[in-house]
Number of protein chains: 2
Amino acid sequence: MNLGALRSHNAALVLGLLRDAGAEGISRLELAERTGLTPQAVSKITARLRERGLAAEAGRRASTGGKPRTVLRLVPEAGHAVGVHLDRDELRVVLVDLDGAVVAERCAELDLGAGAEAVLGAVSAAVRTVAAGSLAGSGSPAAGGKGSTGGGGGLGGAGTLVGVGVALPGPLDHARGVLHRVTGFPEWDGFPLRDALAQRLAVPVVVDKDTNAAALGLAVCGETGGAGRSFAYLHLGTGLGAGLVIGGSVHRGARTGAGEFGHQVIQLDGPLCECGNRGCVEVLCLGAVARGDVGEAARVLGVAAGNLVGLLDIDVVLLGGRTVAGAPEAYVRGVGEVLGARARREGVRGGAVPVRVAPRGERVVAEGAAQLLLAPLFGRGDA
Amino acid sequence: MNLGALRSHNAALVLGLLRDAGAEGISRLELAERTGLTPQAVSKITARLRERGLAAEAGRRASTGGKPRTVLRLVPEAGHAVGVHLDRDELRVVLVDLDGAVVAERCAELDLGAGAEAVLGAVSAAVRTVAAGSLAGSGSPAAGGKGSTGGGGGLGGAGTLVGVGVALPGPLDHARGVLHRVTGFPEWDGFPLRDALAQRLAVPVVVDKDTNAAALGLAVCGETGGAGRSFAYLHLGTGLGAGLVIGGSVHRGARTGAGEFGHQVIQLDGPLCECGNRGCVEVLCLGAVARGDVGEAARVLGVAAGNLVGLLDIDVVLLGGRTVAGAPEAYVRGVGEVLGARARREGVRGGAVPVRVAPRGERVVAEGAAQLLLAPLFGRGDA
DNA sequence: TGCACTTTCGCAACAGCGTTGCCAAAGTGG
DNA sequence: CCACTTTGGCAACGCTGTTGCGAAAGTGCA
């Protein structure tokens, strides 16, 4: 590690703690304790952050016998990122500030089959609208890390825009931002979505699977118990997929193929799935949903979740997606019962892994997509 | 990150590259390229390492028109670690040098039911024999990182002993080094193995599951394609378990429970397992083994491995354990066929995940246990 | 054989990081 | 009002990796 890298590493570390502290703020001494740095070093770092407009003083704590601690907080409006959720028939674009709060949103219908040009145009227009509408008049620079391209280009006056994150279902290559196969739309096969969009918008673009984006967003929002922990986001909608956060980072695998939860085989001689296997969870679970048997769907989902929990020893299971939204309590209870029974039989210390409904509802993917750009600023390497 | 932390971080990084270069060695300029540091920084770092006796010059490369590069290599005998594989009926202790090469070994029968005192005594004696027998006369200091306790204490004249790693089957707490339940031996429940052994031997002790140790050892030995990659080690012996390496690090989970591969349910209405579930891979696979149907055992194992591969998008599957050793080709072929068929159906780019027999045979766990102490010296946080 | 050239590597000076020593600021409590 | 505690900034410092320059050690050509 380089000296320059060290500086930005520590700055990102402090910035991350400032964000996690939220509106409550955090004092310099607390930052020093948590980072392991000396108070003086924190003072220098926070001074640089304040110069750049990323941090500010925000009142004081009660005194404990001496000079009261000065509370520092993140300046959320010092930077923004756009998150795009590209689904088969819908487009959702959000603008979030550094805190992750949504400051603008836009939804529209979309036809993926209309061709690359039309879709790119629609996405670009929506991004421009959302970004420009909120950033008009804001001119304070928030030069990010090393890779900052600086604004001024495509998005009018948006000096504080970090970039655009795009999340979509299909198999794709996250590292290169290239789509593989989009079921039903062969013309998208191999399309370099990241570079095409980056050229149009003249800002950094990151592409990822929808489930990964959702998992990242949930990891950031703190619902999952802080950094360094592991959880799974199970998305039950038109399909069944998972986003995995392991040790605080989104795990994607070398081919961005991780999280293929739906085609886990749980019944060797089960019904044939369109993937070619027999007895995939997806077939069994969605079949039960189609029959209206939510209990069975939840039970099957629970068995598969149990396999995952046992394999990875994760801390929380979060459920999301349209199907879950239709009967959240039933799914949480059904999955929880399976996991609970398994934990009791195995005598796991600390009891069963908790099961919850993922917060943020339908916006979770779009918000997570925006975090693809923000996370690196806060010391989380998973972008 | 601290400045001191930065120094040891970079030193560990260089040391890791030196180890990976093996007997061939590596030049300063190559080290600079791979670490991203300037050649001068590498010169300083390697000078410190040479002062400590951890690195040495080893000849020169052919000139490419100028002064030929000086080749540096790790000095393997500058440090040693002991690896202990504690099985239900057997004890295996190895002494490895910094390169991971076994320089001494000792096997003995063991009765876990003989009680803590007797087992601790047997382990301590074996460790002393293996360590002292090889380190007699070696006195050069190899002060490791920060946590070095320094030798001189319990193990006679073993100034270069980094510590002792212990690997054993049962569920346990890796972070605290405490056993949970050892099936069939309730008196071990909650036993603080790490601290008890550390006190007896007066050297650092680390405790981990056998499958995790094996996975770490395999990650280090380079069979799995270098750092940063992911693989699964599937151990088929008296039970069926897995060791997972994700992104170059052993994934254990908060409760050291990760890798519970054998009780993955793959047949909802399958035969009852002793764990209480129905249709676990372990029951199905070991049942087929008992019937002598290796093909079916491999097929079932392949389905479960396919679930794992899909979920984590790993790069390699390594098979090990006594049962696999009995018919290695059959298992590799059987599992490979299932994974291959699945990859073809899904049109995965790059083809199916390769399946291989884990190298090092019966010693893989003991060698990996020793790596529990060596890995941190080489910049791999997974200890 | 001699010289020009290339490449490697170390010494010395340097900029920048976090650290230490010291002091002003801003509270509490007697 | 003063003693005391605690916070946070200023200046000097040690140490990090970096830059500038030169010695060392080869190759290749005249």
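Note that this is a predicted model, so its numbers are computed, not measured. A, B, ... follow the sequence lines: proteins, then strands. Residue 1 opens every chain.
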_Checking contacts here: which listed nucleotide (C:dC17, D:dT18, C:dC9) is nearest the side-chain heavy atoms of B:L29?_
C:dC9
_Protein-nucleotide distance (B:L6, atom CG; C:dG16, atom C1'), rounded to Å_ = 12 Å
*A:R7 CZ to D:dG17 P: how many Å, rounded?*
17 Å
*Should A:S43 be listed as having a side-chain N or O under 4.0 Å from OP1 or OP2 of D:dG8?*
no
*Atom pair distance, as rounded to whole Å: CD in B:Q40 and P in C:dG10*: 8 Å
_Salt-bridge present (A:R61, A:E30; N to O < 4.0 Å)_ = yes
*Atom CD1 of A:I45 and atom C1' of D:dG8: how far apart are they, to the nearest Å?*
15 Å
*asked:* Can you see if the side chain of A:R28 gets near the phosphate of D:dT7 - specifically, an N or O under 4.0 Å from OP1 or OP2?
replied: no
*Do any N or O atoms from the side chain of A:D97 and from the backbone of A:D99 form a donor-acceptor pair under 3.5 angstrom?*
yes
*Between C:dA26 atom P and A:R69 atom CZ, what is the distance in whole Å?*
18 Å
*Determine whether more than 12 heavy atoms belonging to other residues, nucleotides or ligands lie under 6.0 Å from atom CZ of A:R48.*
yes
*Grab the CG-P distance between A:L37 and D:dC15 for me, whole Å please.*
18 Å
_Phosphate contact (D:dG17 OP1 or OP2) by B:N10 side-chain N/O below 4.0 Å_ = yes
*Gap between atoms CG and P, on B:L31 and C:dT8 respectively (whole Å)*: 13 Å
_From A:V14, A:L13, A:I45, residue fulfilling side chain to side chain contact (heavy atoms under 4.5 Å, CB included) relative to A:L31_ = A:V14
*May I ask you to evaluate whether B:N2 reaches the phosphate of C:dC17, defined as a side-chain N or O under 4.0 Å from OP1 or OP2?*
no
*Nearest to the side chain of B:A41 - D:dA25, C:dG18, D:dT18?*
D:dT18
*Think B:T70 has a side-chain N or O under 4.0 angstrom from the OP1 or OP2 of C:dC9?*
yes
*For the pair made of CD in A:E30 and P in D:dT6, what is the distance, rounded to whole Å?*
16 Å
*Contact class for A:R61 (heavy atom, under 4.0 Å): base, sugar-phosphate, or nothing?*
nothing
*Please figure out whether A:M1 or A:P68 has its closest DNA chain D nucleotide nearer the 5' end.*
A:P68
*asked:* Reading DNA chain D from 5' onward, which residue's closest nucleotide shows up sooner: B:T64 or B:L3?
replied: B:L3
_Let's see if you can work this out: which of C:dG10, D:dT27, D:dG8 has an atom nearest to the side-chain heavy atoms of B:S63?_
D:dT27
_Heavy atoms only, 4.0 Å cut-off, all strands: where does A:S27 land among base, sugar-phosphate and nothing?_
nothing
*May I ask you to verify if any side-chain N or O of A:T38 is less than 4.0 angstrom from the OP1 or OP2 atom of C:dT19?*
yes
*Below 4.5 Å, heavy atoms only, C-beta onward: do B:R73 and B:L18 meet side chain to side chain?*
no
*Are A:N212 and A:T256 close enough that some pair of their side-chain heavy atoms sits under 4.5 Å apart?*
yes
